[in-house]
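Okay, so here's the structure we're looking at.
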Amino acid sequence: MDITANDIFNDHIQNTYSSTYVPSRYHSVNTYYLGKVKELSIDLNFDYIRNENKNEQESIENSRTGNDCIVTSQYETDNDLYAFKLVFSHPAGNGTIKAGTEISRTEHHDSFLNPEQILPDSKNRLQEAHSAAFISYSIPLQSWQLVAGIRYEHIRNRYYIDDIYNETQSRKYDNIFPNISLSKVFGKLQTSISYTANTSRPSYSMLSSNRQYNDRFIYQGGNPYLQPTSIHDLTLNMSYKWLYFVASYQYAKNAIVSSIEPYEEDPQLCIWIPRNVKKKKDLWIMLSASPTIGCWHPSFSVSIIRQFMDKWTDNPDMKPYHPRLYTGIQNMFNLPLNFILNVDAMCKSNTYEGKAWHPGFGSIHAGISKSFLANNALTVQIRGNDLLKAFRNSGRYYADTITFDTWNYSDSRNLTVTVRYKFNTNNVKYRETGAGNTEKRDCPKSG
(Lines give C-alpha, C1' and ligand atoms only; values in the text may rest on other atoms or scores of the structure.)
Protein backbone atom coordinates (compact mmCIF):
# COMPACT_ATOMS: atom_id res chain seq x y z
CA MET A 1 0.00 0.00 0.00
CA ASP A 2 1.12 3.58 -0.69
CA ILE A 3 1.47 5.89 2.29
CA THR A 4 0.84 9.58 1.68
CA ALA A 5 0.69 12.61 3.97
CA ASN A 6 -1.00 15.78 2.73
CA ASP A 7 -1.10 14.16 -0.72
CA ILE A 8 2.71 13.76 -0.72
CA PHE A 9 4.15 10.25 -1.20
CA ASN A 10 5.85 9.01 1.97
CA ASP A 11 6.41 5.26 1.65
CA HIS A 12 5.20 2.03 0.08
CA ILE A 13 4.60 -0.97 2.34
CA GLN A 14 4.02 -4.57 1.34
CA ASN A 15 2.11 -6.27 4.16
CA THR A 16 1.97 -10.07 4.44
CA TYR A 17 -0.45 -11.16 7.16
CA SER A 18 -0.94 -14.74 8.31
CA SER A 19 -3.20 -16.24 10.96
CA THR A 20 -2.80 -19.85 12.08
CA TYR A 21 -5.38 -21.65 14.19
CA VAL A 22 -3.85 -24.43 16.25
CA PRO A 23 -6.15 -27.50 16.25
CA SER A 24 -8.58 -26.96 19.10
CA ARG A 25 -10.00 -29.29 21.71
CA TYR A 26 -13.77 -29.41 21.88
CA HIS A 27 -15.79 -31.64 24.20
CA SER A 28 -19.57 -31.60 24.31
CA VAL A 29 -21.96 -33.70 26.38
CA ASN A 30 -25.76 -33.54 26.24
CA THR A 31 -28.24 -35.60 28.18
CA TYR A 32 -31.98 -35.21 28.23
CA TYR A 33 -35.13 -36.72 29.64
CA LEU A 34 -38.60 -36.52 28.12
CA GLY A 35 -41.43 -38.04 30.12
CA LYS A 36 -44.98 -37.71 31.29
CA VAL A 37 -46.69 -38.15 34.65
CA LYS A 38 -50.42 -38.34 34.01
CA GLU A 39 -51.09 -35.04 32.20
CA LEU A 40 -47.83 -33.38 33.26
CA SER A 41 -45.16 -33.36 30.52
CA ILE A 42 -41.50 -33.06 31.57
CA ASP A 43 -38.63 -31.93 29.32
CA LEU A 44 -35.19 -31.85 30.95
CA ASN A 45 -31.84 -31.03 29.30
CA PHE A 46 -28.27 -30.84 30.61
CA ASP A 47 -25.29 -29.66 28.56
CA TYR A 48 -21.57 -29.45 29.22
CA ILE A 49 -19.02 -27.90 26.85
CA ARG A 50 -15.27 -27.60 27.25
CA ASN A 51 -13.16 -26.06 24.52
CA GLU A 52 -9.73 -24.51 23.94
CA ASN A 53 -8.59 -22.36 21.02
CA LYS A 54 -5.21 -20.93 20.09
CA ASN A 55 -4.48 -18.44 17.31
CA GLU A 56 -0.98 -17.36 16.21
CA GLN A 57 -0.65 -14.29 14.00
CA GLU A 58 2.25 -12.76 12.11
CA SER A 59 2.42 -9.48 10.20
CA ILE A 60 5.48 -8.90 7.96
CA GLU A 61 5.79 -5.36 6.63
CA ASN A 62 8.42 -4.61 3.99
CA SER A 63 9.02 -0.89 3.57
CA ARG A 64 10.54 0.77 0.49
CA THR A 65 12.31 3.26 2.78
CA GLY A 66 13.79 0.49 4.96
CA ASN A 67 11.36 0.81 7.84
CA ASP A 68 10.62 -2.96 7.89
CA CYS A 69 8.69 -4.51 10.74
CA ILE A 70 7.68 -7.99 11.93
CA VAL A 71 4.95 -8.29 14.55
CA THR A 72 3.89 -11.61 16.07
CA SER A 73 1.14 -12.36 18.57
CA GLN A 74 -0.58 -15.26 20.24
CA TYR A 75 -4.19 -15.38 21.41
CA GLU A 76 -5.58 -18.22 23.52
CA THR A 77 -9.07 -18.87 24.89
CA ASP A 78 -10.69 -21.65 26.86
CA ASN A 79 -14.25 -22.05 28.07
CA ASP A 80 -16.24 -24.23 30.46
CA LEU A 81 -20.02 -24.25 30.24
CA TYR A 82 -22.58 -26.06 32.40
CA ALA A 83 -26.23 -25.58 31.50
CA PHE A 84 -29.50 -27.02 32.84
CA LYS A 85 -33.04 -26.52 31.56
CA LEU A 86 -36.32 -27.95 32.91
CA VAL A 87 -39.72 -27.34 31.33
CA PHE A 88 -43.13 -28.52 32.55
CA SER A 89 -46.36 -28.32 30.56
CA HIS A 90 -49.90 -29.17 31.70
CA PRO A 91 -53.45 -28.61 30.41
CA ALA A 92 -55.17 -25.71 32.15
CA GLY A 93 -58.78 -24.94 31.31
CA ASN A 94 -59.14 -24.83 27.54
CA GLY A 95 -55.44 -24.15 27.06
CA THR A 96 -51.98 -25.30 28.06
CA ILE A 97 -49.64 -23.77 30.61
CA LYS A 98 -45.88 -24.14 30.25
CA ALA A 99 -43.35 -23.16 32.89
CA GLY A 100 -39.72 -23.83 33.60
CA THR A 101 -36.28 -22.69 34.61
CA GLU A 102 -32.86 -22.43 32.99
CA ILE A 103 -29.50 -22.19 34.77
CA SER A 104 -26.02 -21.92 33.30
CA ARG A 105 -22.51 -21.33 34.60
CA THR A 106 -19.65 -20.26 32.32
CA GLU A 107 -15.97 -19.60 32.95
CA HIS A 108 -13.99 -17.95 30.16
CA HIS A 109 -10.22 -17.35 30.02
CA ASP A 110 -8.31 -15.46 27.34
CA SER A 111 -4.75 -14.20 27.01
CA PHE A 112 -2.85 -12.12 24.47
CA LEU A 113 0.93 -12.02 24.04
CA ASN A 114 2.90 -9.69 21.78
CA PRO A 115 6.68 -10.32 22.13
CA GLU A 116 7.56 -7.06 20.36
CA GLN A 117 5.46 -5.13 22.96
CA ILE A 118 3.88 -2.93 20.33
CA LEU A 119 0.56 -3.85 21.93
CA PRO A 120 0.14 -4.60 25.64
CA ASP A 121 -0.07 -8.20 26.85
CA SER A 122 -3.31 -9.09 28.61
CA LYS A 123 -4.84 -11.86 30.66
CA ASN A 124 -8.59 -11.90 31.36
CA ARG A 125 -11.05 -14.16 33.14
CA LEU A 126 -14.83 -13.91 33.13
CA GLN A 127 -17.17 -15.91 35.37
CA GLU A 128 -20.84 -15.70 34.44
CA ALA A 129 -23.90 -17.08 36.26
CA HIS A 130 -27.20 -17.01 34.40
CA SER A 131 -30.57 -18.04 35.83
CA ALA A 132 -34.03 -17.64 34.35
CA ALA A 133 -37.65 -18.54 35.07
CA PHE A 134 -40.43 -18.43 32.49
CA ILE A 135 -44.11 -19.18 32.09
CA SER A 136 -46.49 -19.06 29.12
CA TYR A 137 -50.12 -19.87 28.44
CA SER A 138 -51.70 -20.78 25.11
CA ILE A 139 -55.46 -20.91 24.60
CA PRO A 140 -57.89 -20.96 21.66
CA LEU A 141 -60.36 -18.06 21.71
CA GLN A 142 -63.09 -19.05 19.29
CA SER A 143 -61.27 -18.86 15.92
CA TRP A 144 -58.21 -17.16 17.39
CA GLN A 145 -55.15 -18.65 19.06
CA LEU A 146 -53.51 -16.65 21.85
CA VAL A 147 -50.08 -17.32 23.36
CA ALA A 148 -48.74 -15.06 26.10
CA GLY A 149 -45.76 -15.43 28.38
CA ILE A 150 -43.13 -13.76 30.49
CA ARG A 151 -39.48 -14.52 31.25
CA TYR A 152 -37.31 -13.29 34.12
CA GLU A 153 -33.50 -13.37 33.79
CA HIS A 154 -30.79 -12.73 36.34
CA ILE A 155 -27.19 -12.47 35.13
CA ARG A 156 -24.10 -11.92 37.25
CA ASN A 157 -20.63 -11.81 35.76
CA ARG A 158 -17.30 -11.21 37.45
CA TYR A 159 -14.41 -9.82 35.41
CA TYR A 160 -10.77 -10.42 36.37
CA ILE A 161 -7.67 -8.76 34.88
CA ASP A 162 -4.42 -10.59 35.68
CA ASP A 163 -6.40 -12.60 38.25
CA ILE A 164 -7.44 -9.41 40.09
CA TYR A 165 -11.17 -8.77 40.42
CA ASN A 166 -12.29 -5.67 38.49
CA GLU A 167 -15.50 -4.27 39.93
CA THR A 168 -15.92 -1.60 37.23
CA GLN A 169 -16.09 -4.15 34.41
CA SER A 170 -18.19 -6.67 36.35
CA ARG A 171 -21.94 -6.58 35.74
CA LYS A 172 -25.27 -7.61 37.23
CA TYR A 173 -28.54 -7.59 35.26
CA ASP A 174 -32.16 -8.29 36.16
CA ASN A 175 -34.63 -8.21 33.27
CA ILE A 176 -38.25 -9.14 32.56
CA PHE A 177 -39.23 -10.00 28.99
CA PRO A 178 -42.89 -10.33 27.95
CA ASN A 179 -44.09 -11.98 24.74
CA ILE A 180 -47.51 -12.33 23.12
CA SER A 181 -48.79 -13.65 19.81
CA LEU A 182 -52.22 -13.80 18.21
CA SER A 183 -53.07 -15.91 15.17
CA LYS A 184 -56.17 -16.61 13.07
CA VAL A 185 -57.08 -18.44 9.88
CA PHE A 186 -59.39 -16.73 7.37
CA GLY A 187 -60.22 -19.50 4.92
CA LYS A 188 -56.90 -20.17 3.14
CA LEU A 189 -55.29 -17.04 4.57
CA GLN A 190 -53.22 -17.63 7.70
CA THR A 191 -52.23 -14.63 9.80
CA SER A 192 -50.31 -14.00 13.00
CA ILE A 193 -48.95 -10.99 14.82
CA SER A 194 -46.44 -11.20 17.64
CA TYR A 195 -44.48 -9.04 20.05
CA THR A 196 -41.34 -10.25 21.79
CA ALA A 197 -38.76 -8.63 24.05
CA ASN A 198 -35.33 -10.06 24.71
CA THR A 199 -31.72 -9.12 25.26
CA SER A 200 -28.60 -9.77 23.19
CA ARG A 201 -25.41 -9.81 25.24
CA PRO A 202 -21.98 -9.05 23.74
CA SER A 203 -19.82 -12.09 23.09
CA TYR A 204 -16.75 -12.79 25.20
CA SER A 205 -14.48 -11.72 22.37
CA MET A 206 -16.30 -8.37 22.19
CA LEU A 207 -15.78 -7.88 25.94
CA SER A 208 -12.08 -8.74 25.83
CA SER A 209 -9.50 -6.01 26.46
CA ASN A 210 -7.10 -7.67 23.98
CA ARG A 211 -5.71 -5.74 21.02
CA GLN A 212 -4.95 -7.30 17.64
CA TYR A 213 -2.30 -5.90 15.28
CA ASN A 214 -3.55 -5.62 11.68
CA ASP A 215 -0.82 -3.29 10.39
CA ARG A 216 1.18 -0.31 11.62
CA PHE A 217 -1.82 1.98 11.20
CA ILE A 218 -4.74 -0.26 12.24
CA TYR A 219 -5.44 -2.21 15.43
CA GLN A 220 -8.50 -4.20 16.44
CA GLY A 221 -9.92 -5.04 19.85
CA GLY A 222 -12.79 -5.58 22.23
CA ASN A 223 -14.55 -3.30 24.69
CA PRO A 224 -15.08 -4.51 28.29
CA TYR A 225 -17.55 -1.66 28.91
CA LEU A 226 -20.16 -2.82 26.38
CA GLN A 227 -23.75 -2.99 27.58
CA PRO A 228 -26.29 -5.67 26.48
CA THR A 229 -28.74 -4.76 23.75
CA SER A 230 -32.45 -4.69 24.64
CA ILE A 231 -34.54 -5.74 21.62
CA HIS A 232 -38.26 -5.20 21.05
CA ASP A 233 -39.70 -6.91 17.97
CA LEU A 234 -43.15 -6.59 16.37
CA THR A 235 -43.80 -9.02 13.49
CA LEU A 236 -46.73 -9.66 11.16
CA ASN A 237 -46.88 -12.93 9.19
CA MET A 238 -49.38 -13.76 6.43
CA SER A 239 -49.55 -16.73 4.08
CA TYR A 240 -51.96 -17.68 1.30
CA LYS A 241 -51.39 -20.97 -0.47
CA TRP A 242 -47.80 -20.59 -1.76
CA LEU A 243 -47.51 -16.84 -1.09
CA TYR A 244 -45.84 -15.61 2.10
CA PHE A 245 -45.54 -12.08 3.49
CA VAL A 246 -43.72 -10.83 6.58
CA ALA A 247 -43.21 -7.36 8.02
CA SER A 248 -41.03 -6.81 11.06
CA TYR A 249 -40.12 -3.73 13.06
CA GLN A 250 -37.27 -4.01 15.56
CA TYR A 251 -36.14 -1.47 18.14
CA ALA A 252 -32.73 -2.06 19.70
CA LYS A 253 -31.60 -0.06 22.72
CA ASN A 254 -27.81 0.04 23.24
CA ALA A 255 -27.27 -1.66 19.87
CA ILE A 256 -23.70 -2.83 19.29
CA VAL A 257 -21.99 -1.68 16.10
CA SER A 258 -18.41 -1.79 14.87
CA SER A 259 -16.63 1.58 14.97
CA ILE A 260 -13.33 2.88 13.70
CA GLU A 261 -11.71 5.67 15.68
CA PRO A 262 -8.31 7.13 16.59
CA TYR A 263 -6.24 4.96 18.92
CA GLU A 264 -5.29 6.67 22.17
CA GLU A 265 -5.55 10.08 20.47
CA ASP A 266 -2.74 9.22 18.04
CA PRO A 267 -3.73 10.70 14.64
CA GLN A 268 -1.63 8.12 12.78
CA LEU A 269 -3.30 5.09 14.40
CA CYS A 270 -6.89 3.86 14.36
CA ILE A 271 -8.65 0.93 15.96
CA TRP A 272 -11.66 -1.21 15.17
CA ILE A 273 -13.73 -1.49 18.34
CA PRO A 274 -17.37 -2.39 19.16
CA ARG A 275 -19.44 0.44 20.62
CA ASN A 276 -22.97 0.87 21.92
CA VAL A 277 -25.23 3.34 20.16
CA LYS A 278 -28.22 4.79 21.98
CA LYS A 279 -30.78 3.19 19.69
CA LYS A 280 -31.10 1.51 16.31
CA LYS A 281 -34.34 0.67 14.49
CA ASP A 282 -34.88 -1.65 11.53
CA LEU A 283 -37.88 -2.22 9.29
CA TRP A 284 -37.91 -5.42 7.23
CA ILE A 285 -40.55 -6.32 4.62
CA MET A 286 -40.40 -9.53 2.60
CA LEU A 287 -42.63 -11.20 0.01
CA SER A 288 -41.96 -14.70 -1.29
CA ALA A 289 -43.65 -17.18 -3.63
CA SER A 290 -43.03 -20.93 -3.65
CA PRO A 291 -45.26 -22.63 -6.23
CA THR A 292 -44.85 -26.15 -7.57
CA ILE A 293 -44.76 -26.56 -11.35
CA GLY A 294 -44.35 -30.22 -12.19
CA CYS A 295 -40.86 -31.31 -11.15
CA TRP A 296 -39.83 -27.66 -10.65
CA HIS A 297 -40.03 -26.19 -7.15
CA PRO A 298 -39.02 -22.52 -7.39
CA SER A 299 -38.92 -20.04 -4.52
CA PHE A 300 -38.83 -16.34 -5.39
CA SER A 301 -38.27 -13.69 -2.73
CA VAL A 302 -37.87 -9.94 -2.59
CA SER A 303 -37.24 -7.90 0.53
CA ILE A 304 -36.32 -4.43 1.66
CA ILE A 305 -34.53 -3.42 4.85
CA ARG A 306 -34.61 0.14 6.17
CA GLN A 307 -32.27 1.15 8.98
CA PHE A 308 -32.98 4.09 11.28
CA MET A 309 -30.00 5.30 13.31
CA ASP A 310 -28.89 8.71 14.54
CA LYS A 311 -26.09 10.30 12.54
CA TRP A 312 -22.78 9.52 14.25
CA THR A 313 -20.35 11.70 12.29
CA ASP A 314 -20.12 14.91 10.27
CA ASN A 315 -17.59 13.39 7.86
CA PRO A 316 -18.24 15.19 4.53
CA ASP A 317 -17.27 12.06 2.53
CA MET A 318 -20.11 10.03 4.00
CA LYS A 319 -22.28 8.36 1.36
CA PRO A 320 -26.07 8.97 1.46
CA TYR A 321 -28.27 6.27 2.93
CA HIS A 322 -30.43 3.98 0.79
CA PRO A 323 -32.51 1.02 2.00
CA ARG A 324 -31.17 -2.38 1.04
CA LEU A 325 -33.11 -4.27 -1.65
CA TYR A 326 -32.65 -8.03 -1.82
CA THR A 327 -33.92 -10.40 -4.50
CA GLY A 328 -33.36 -14.12 -4.69
CA ILE A 329 -34.50 -17.27 -6.42
CA GLN A 330 -34.02 -20.88 -5.41
CA ASN A 331 -34.79 -23.62 -7.92
CA MET A 332 -35.13 -27.30 -7.08
CA PHE A 333 -35.76 -29.87 -9.80
CA ASN A 334 -36.78 -33.44 -8.92
CA LEU A 335 -35.13 -35.55 -11.61
CA PRO A 336 -35.44 -39.28 -12.36
CA LEU A 337 -33.41 -41.84 -10.40
CA ASN A 338 -33.59 -39.78 -7.17
CA PHE A 339 -31.45 -36.96 -8.54
CA ILE A 340 -32.14 -33.41 -7.32
CA LEU A 341 -30.77 -30.34 -9.12
CA ASN A 342 -30.51 -26.99 -7.31
CA VAL A 343 -29.76 -23.65 -9.00
CA ASP A 344 -29.87 -20.55 -6.79
CA ALA A 345 -29.15 -16.87 -7.37
CA MET A 346 -29.29 -13.69 -5.30
CA CYS A 347 -28.62 -9.97 -5.64
CA LYS A 348 -28.62 -7.14 -3.12
CA SER A 349 -28.09 -3.42 -3.37
CA ASN A 350 -25.64 -1.25 -1.47
CA THR A 351 -26.59 0.18 1.92
CA TYR A 352 -25.44 0.86 5.47
CA GLU A 353 -25.29 -1.86 8.10
CA GLY A 354 -24.70 -0.16 11.40
CA LYS A 355 -21.94 2.40 10.75
CA ALA A 356 -20.58 0.58 7.69
CA TRP A 357 -21.49 1.21 4.05
CA HIS A 358 -21.42 -1.96 1.93
CA PRO A 359 -21.68 -2.15 -1.88
CA GLY A 360 -24.18 -4.47 -3.49
CA PHE A 361 -23.35 -7.72 -5.27
CA GLY A 362 -24.88 -10.91 -6.61
CA SER A 363 -23.98 -14.59 -6.69
CA ILE A 364 -25.02 -17.87 -8.34
CA HIS A 365 -24.79 -21.37 -6.87
CA ALA A 366 -25.60 -24.78 -8.34
CA GLY A 367 -25.55 -28.34 -7.09
CA ILE A 368 -26.78 -31.85 -7.74
CA SER A 369 -27.47 -34.61 -5.25
CA LYS A 370 -28.61 -38.21 -5.25
CA SER A 371 -30.06 -40.38 -2.50
CA PHE A 372 -29.39 -44.07 -1.98
CA LEU A 373 -30.54 -46.96 0.23
CA ALA A 374 -33.87 -47.44 1.97
CA ASN A 375 -35.65 -44.25 3.11
CA ASN A 376 -32.97 -42.25 1.27
CA ALA A 377 -30.63 -42.73 4.22
CA LEU A 378 -27.48 -41.97 2.21
CA THR A 379 -27.15 -38.71 0.25
CA VAL A 380 -24.24 -37.53 -1.90
CA GLN A 381 -24.15 -33.90 -3.04
CA ILE A 382 -21.80 -31.96 -5.33
CA ARG A 383 -22.22 -28.19 -5.17
CA GLY A 384 -20.50 -25.21 -6.78
CA ASN A 385 -20.70 -21.96 -4.80
CA ASP A 386 -20.45 -18.43 -6.20
CA LEU A 387 -19.83 -19.66 -9.75
CA LEU A 388 -19.18 -16.15 -11.12
CA LYS A 389 -16.89 -15.24 -8.19
CA ALA A 390 -19.01 -12.17 -7.52
CA PHE A 391 -19.29 -12.28 -3.71
CA ARG A 392 -18.00 -9.08 -2.09
CA ASN A 393 -17.26 -8.19 1.51
CA SER A 394 -16.00 -4.68 0.82
CA GLY A 395 -17.08 -1.61 2.73
CA ARG A 396 -16.50 1.96 3.75
CA TYR A 397 -16.40 3.13 7.35
CA TYR A 398 -16.65 6.68 8.63
CA ALA A 399 -15.56 8.64 11.70
CA ASP A 400 -15.10 12.38 12.15
CA THR A 401 -11.46 12.33 11.00
CA ILE A 402 -11.33 8.92 9.28
CA THR A 403 -12.65 7.50 6.01
CA PHE A 404 -11.65 3.84 5.79
CA ASP A 405 -12.11 1.74 2.63
CA THR A 406 -11.83 -2.04 2.52
CA TRP A 407 -11.63 -3.98 -0.74
CA ASN A 408 -12.32 -7.64 -0.14
CA TYR A 409 -12.78 -10.15 -2.96
CA SER A 410 -12.86 -13.44 -1.10
CA ASP A 411 -12.02 -16.88 -2.45
CA SER A 412 -15.73 -17.62 -2.41
CA ARG A 413 -15.89 -19.72 -5.59
CA ASN A 414 -15.47 -23.33 -4.52
CA LEU A 415 -16.64 -26.88 -5.07
CA THR A 416 -17.91 -28.98 -2.17
CA VAL A 417 -18.70 -32.67 -1.96
CA THR A 418 -20.96 -33.75 0.91
CA VAL A 419 -21.78 -37.30 1.98
CA ARG A 420 -24.53 -37.58 4.57
CA TYR A 421 -25.95 -40.70 6.25
CA LYS A 422 -29.07 -40.53 8.42
CA PHE A 423 -29.56 -43.04 11.22
CA ASN A 424 -32.99 -44.08 12.51
CA THR A 425 -34.82 -42.52 9.56
CA ASN A 426 -38.08 -44.30 10.32
CA ASN A 427 -38.80 -43.24 13.90
CA VAL A 428 -37.20 -40.05 15.17
CA LYS A 429 -39.45 -39.27 18.13
CA TYR A 430 -37.51 -36.52 19.86
CA ARG A 431 -34.58 -34.22 19.32
CA GLU A 432 -33.15 -32.57 22.41
CA THR A 433 -33.71 -28.83 22.65
CA GLY A 434 -30.55 -28.27 24.68
CA ALA A 435 -29.81 -25.90 27.55
CA GLY A 436 -27.74 -22.71 27.56
CA ASN A 437 -28.14 -22.24 23.81
CA THR A 438 -27.32 -18.52 24.00
CA GLU A 439 -24.12 -19.19 25.96
CA LYS A 440 -22.99 -21.89 23.49
CA ARG A 441 -22.23 -19.27 20.83
CA ASP A 442 -19.19 -18.25 22.90
CA CYS A 443 -17.82 -21.80 22.82
CA PRO A 444 -17.06 -22.31 19.12
CA LYS A 445 -15.56 -25.55 17.88
CA SER A 446 -12.65 -23.75 16.26
CA GLY A 447 -11.20 -20.33 15.73
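- Under the 6.0 Å distance and 45° angle rule, K370 counts as a cation-pi partner of F339.
- Among R50, R125, R105, the one residue that satisfies the salt bridge (Lys or Arg N to Asp or Glu O under 4.0 Å) test with D80 is R50.
- Under the 30°/60° scheme for interplanar angles, the aromatic rings of Y213 and Y219 are found to be tilted.
- In this structure, K184 is positioned above the aromatic face of F186, its NZ or CZ under 6.0 Å from the six-membered ring centre and within 45° of the axis.
- Side chains of N276 and Q227: a donor-acceptor N/O pair is absent below 3.5 angstrom, by distance only.
- In this structure, W284 CH2 and T235 OG1 are separated by 8.0 Å, a value rounded to the nearest 0.5 Å.
- Side chains of N331 and N342: no donor on one and acceptor on the other come within 3.5 Å.
- Around atom NZ of K98, no more than 12 heavy atoms belonging to other residues, nucleotides or ligands sit under 6.0 Å away.
- Between W296 and F333, the two ring planes are parallel [angle under 30°; tilted spans 30° to 60°].
- Between Y352 and Y398, the ring planes are tilted. Angles from 30° to 60° get that label.
- More than 12 heavy-atom neighbours from other residues, nucleotides or ligands sit within 6.0 angstrom of CD on Q117.
- For Y397 and W272, the ring centers sit closer than 6.0 Å to each other.
- If you look at Y32 and F46, their ring centroids are not closer than 6.0 Å.
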Evaluate the criterion side-chain hydrogen bond (donor to acceptor under 3.5 Å, both in side chains) for residue pair S19 and N55; output intermediate values, then yes/no. CA-CA 7 Å; S19 180; N55 182 15; 2.9 Å; yes
